[in-house]
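All values reported here derive from a predicted model rather than from experimental measurement.
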Amino acid sequence: MDKGTGLLRPVILFIALVAVSESRVVKVPVSPLVHVEGQAVSIRCNVSDYQGPRDQDFDWSMIQAGEKVLPLVSTFEDSFTDSTVKDRVNNGDISYKKLGDDSVELRFKKVRATDSGVYRCSTPSTDSVISGNYHADVELKVIGDSLKVSPAIPKSAVSEGESVELQCNTTRGFTEHTFLSVSWSIRKGGDPLEEILTFGPDDKIKVGSNYTQRYTDGGLQLDLRGGGFYGLVLKRAKPSDQGEYVCTAQEWVRQGEGGRTWRKIQEKPVVMGTVVVSPTDLQFKVTLTAFLNPQSTGEPTELRCGVVDLLHLQDGRLAVTWFYSTNAPGDVSQKKITIASLNEQGALVPGNEHKQRLDSGDIAVTRKESNVFALRMLQTRDADMGSYSCMVTAWMPNRQGGWDKAKEVQSTPVTVQWTPKVAAVQVVAHRVREASTGGSTFEMTCQVTGQNLTNPGYTVLIRFEETLGGKSRKVLSLSQDSVLQSEEWSEPSRIDSVVLEKTGQLEYRFRLYGVQVTDRGFYYCDVTAWTRDQKQEWIKAASRQSNKIEIAFVHTGPVFNISIHSEANSVLPGDTVQMKCIISILDASPNTGDLAFDVRWFQNAGHPVDNGVPPLISMDRWGVVKKSSSNDSSLERTDHHTFVLSLHKIQDRDVGEYYCSATPWLLSPATGAWSKEKDLTSASSYLSVQMQLWESLKMPLGYGVFAAVIAGLLSVLLGLAVAHCCFSRNPMHMPRPRNKLMDLEMD
């Protein structure tokens, strides 16, 4: 066996397995399909596990008696239709609709009784091997429209407590595999139909959600005396039973595998008539009064709902529901919100939006007397202003030991309203001690005044602006619970130089010791007033800023200047470069005292001192050097005013602009205290790194040569392989047998 035959056998075996595993399947719905004459009908057919093109064609035919096939419609051939049904196909009474590449529907616009029969869906073969089924049959049964409904209400006007009887007579022609159900429903006013009870189609009872308890209590009873008579009795009628009643008869068939699901084939609803329920003599009234009406926020509110002229309650009970609306009384668009209810058992049922306040006791719903209910809010909020009403419900005991709603009466609304008093706070700053020279003490007070605040607490924050209206910086704060906190006062050596204390009931004093040049600017108080809520937690009420007090003493110390100098601006990789930060002093006097400097070096553009970027390397006034990362740099002080940055083993990452920044410190001969001067920032110096030509090219060239060698070797190996394969199989290149005649001539 040669190599080609050995490879072909697994391929043939694979094709055979595919042909066996993929067998065409044509499917139609499970028979029988039962429909009513005159209805629109569609029968679906689909094919799966087929070969050939994705888009398949279908033929629909009717199998008549004696296995005679009547062609109906085809997705492939227009002339497929039999002449006896051509008119129905042309006018669209019989048609098809392609639902996808593998499915189609046969459609009847109005099915006829004569359309009953077996329908066959066929698919022409596009498979390489005939396997599976290529057609499927389904039976269609068309029954006549014989369902009739005759509803009646023997007594349509009843008094509250009497029974209402709803009668529904249904008749139909008997058809195998069909079942009947009857439903009763009610329409109240312009509302949609509400289901009461449904019987069937499998002799089961389904009760509407609003009638479940009534059915359980025996308030709904079925009267199935036979002969197509279906009756429903509503016992102990209530005013809410008044409305228009509808009886609906429905015809059903079982569908699906094993007939596990129901399919409705027709439905006929008929209006039975309107039932009027006259209420009993139970002629009570409800009044609502404001027992406590608040005049401002935080005061209590109490509303009382009273029941008067109550007659014939006997063993009945009263329940109350409280409502709230933000709109004025009489506004048709107002939305009522349920606050809470006391039901007929005396249990409290809170509304969703007020549940938390009811649980905490901020709102209470109680019964003051047998006929008086109260709604009380301990501390009324601004959001509580609006319209309030109550609704009283009378409940009467039933025979099953439960309760039936007898009557509901709503009160006229009462408005709870006052003119809100807006909380406000005022604060005024006063200078107590002037800071006339460096090293002196500055002191100011803030006087606070609050309006319309209940037991307030105050937060005081001292703010500083270097220029009027400039960027604000927080210095020190004192909370409403007298907790002192340093905010953005970031100098550890001067933590104790700022003080904020409460010196009176509404007075706060700020003190700054040892004023320096950098402290010059504007200081003011930012005050926030707080009040406590029902949980005794602080809530913000109002805030205000004071006027600004300036520290503006004349600076008499020396004037500083800073510059930068670089030995080389363009260096080679691996070199070392040095840059000098030189600080010069102008207008120095013999009494200037000792000097010290904090020096910082930065890389790249911008203003690092202002935006908080950490320095590349720094040296404080005590000579301690710090690096921000593992960079190869050093910093040394070569004389009193010169600080040299050394960048070792220069790399590409070292390219960029360099700055130095310094903070001068002066030691006062008189006090022996150090004072900080303003920060100094130098101009920039740009450092570039030169790359030698060979250094930049040797790596790309090396990669190129290596890639070319590999490509050449692969080409040679591929050519040898192809030549070997072709010459070993091509008969034109086989050695020719020598000709005998040619051999003799040569001899």
**Q** Sequence neighbours left out, cut at 3.5 Å: what donor-acceptor pairs do the side chains of residues 291-300 make with other protein atoms?
**A**
residue	atom	partner	partner atom	Å
Gln295	NE2	Asn293	O	3.2
Ser296	OG	Glu299	OE2	3.1
Thr297	OG1	Asp382	OD1	2.4
Thr297	OG1	Trp418	NE1	3.4
Glu299	OE1	Gln295	N	2.8

**Q** In chain order, what residues pass the ring-ring contact (aromatic ring centres under 6.0 Å, His included) check against Phe643, with sequence neighbours excluded?
**A** none
**Q** Go through the side-chain N and O atoms of Ser646 and Gln578 and say whether any donor and acceptor fall under 3.5 Å apart.
**A**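 Present: a donor and an acceptor within the cut-off.
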**Q** Compare all side-chain heavy atoms of Trp665 with those of Leu595 and state whether any distance is below 4.5 angstrom.
**A** no
**Q** Side chain to side chain donor-acceptor pair (under 3.5 Å) between Ser584 and His641: does it pass, once the steps are laid out?
**A** CA-CA 7 Å; Ser584 57; His641 301 145; over 6 Å; no
**Q** Do the non-hydrogen side-chain atoms of Val414 and Thr289 ever get within less than 4.5 Å of each other?
**A** no
**Q** Thr681 versus Ile562: any side-chain heavy-atom pair under 4.5 Å?
**A**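 A side-chain contact is absent here, since even the closest heavy-atom pair is not under 4.5 Å.
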**Q** Does CG in Asn352 sit with more than 12 non-hydrogen atoms of other residues, nucleotides or ligands closer than 6.0 Å?
**A**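 At most 12 heavy atoms, drawn from other residues, nucleotides or ligands, come within 6.0 Å of this atom.
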**Q** Would you call Tyr523 and Ile551 a side-chain contact if the rule is heavy atoms closer than 4.5 Å?
**A** yes
**Q** Can you tell if the side chain of Ile564 reaches within under 4.5 Å of the side chain of Cys581, non-hydrogen atoms only?
**A**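 They are not in side-chain contact.
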**Q** Going by ring-ring contact (aromatic ring centres under 6.0 Å, His included), name the residues that satisfy it together with Phe323, two or more places apart in sequence or in a different chain.
**A** none
**Q** For Ser633 and His648, which I'm curious about, is there any donor-acceptor pair between the side chains at under 3.5 Å?
**A** no
**Q** Any cation-pi pair here, Lys548 with Tyr524, using under 6.0 Å and within 45°?
**A**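 Judged by the rule (NZ or CZ under 6.0 Å from the ring centre, within 45° of its axis), Lys548 counts as positioned above Tyr524.
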**Q** Indicate whether any N or O donor in one side chain lies under 3.5 Å from an N or O acceptor in the other, for Glu487 and Ser477.
**A**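 Glu487 vs Ser477: donor-acceptor pair found between side chains.
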**Q** Are there over 12 heavy-atom neighbours, none belonging to Glu353, within less than 6.0 Å of that residue's CD?
**A** no
**Q** Between Ser543 and Thr528, does any side-chain donor sit less than 3.5 Å from a side-chain acceptor?
**A** no
**Q** Should the ring pair Phe560 and Phe597 be called parallel, tilted or perpendicular, given that the plane angle runs from 0 to 90° and is split at 30 and 60?
**A** perpendicular
**Q** Keeping to residues at least two apart or across chains, list the salt bridge (Lys or Arg N to Asp or Glu O under 4.0 Å) pairs with something in residues 451-462.
**A**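 Residue pairs with at least one partner in residues 451-462: there are none.
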**Q** So which pairs with a foot in residues 433-444 pass salt bridge (Lys or Arg N to Asp or Glu O under 4.0 Å), sequence neighbours left out?
**A**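 Listed by first then second residue: Arg431-Glu434, Arg433-Glu443, Glu443-Arg509, Glu443-Arg511.
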**Q** Which residues pass the salt bridge (charged side-chain N to carboxylate O under 4.0 Å, His left out) test with Asp359, not counting sequence neighbours?
**A** Lys355
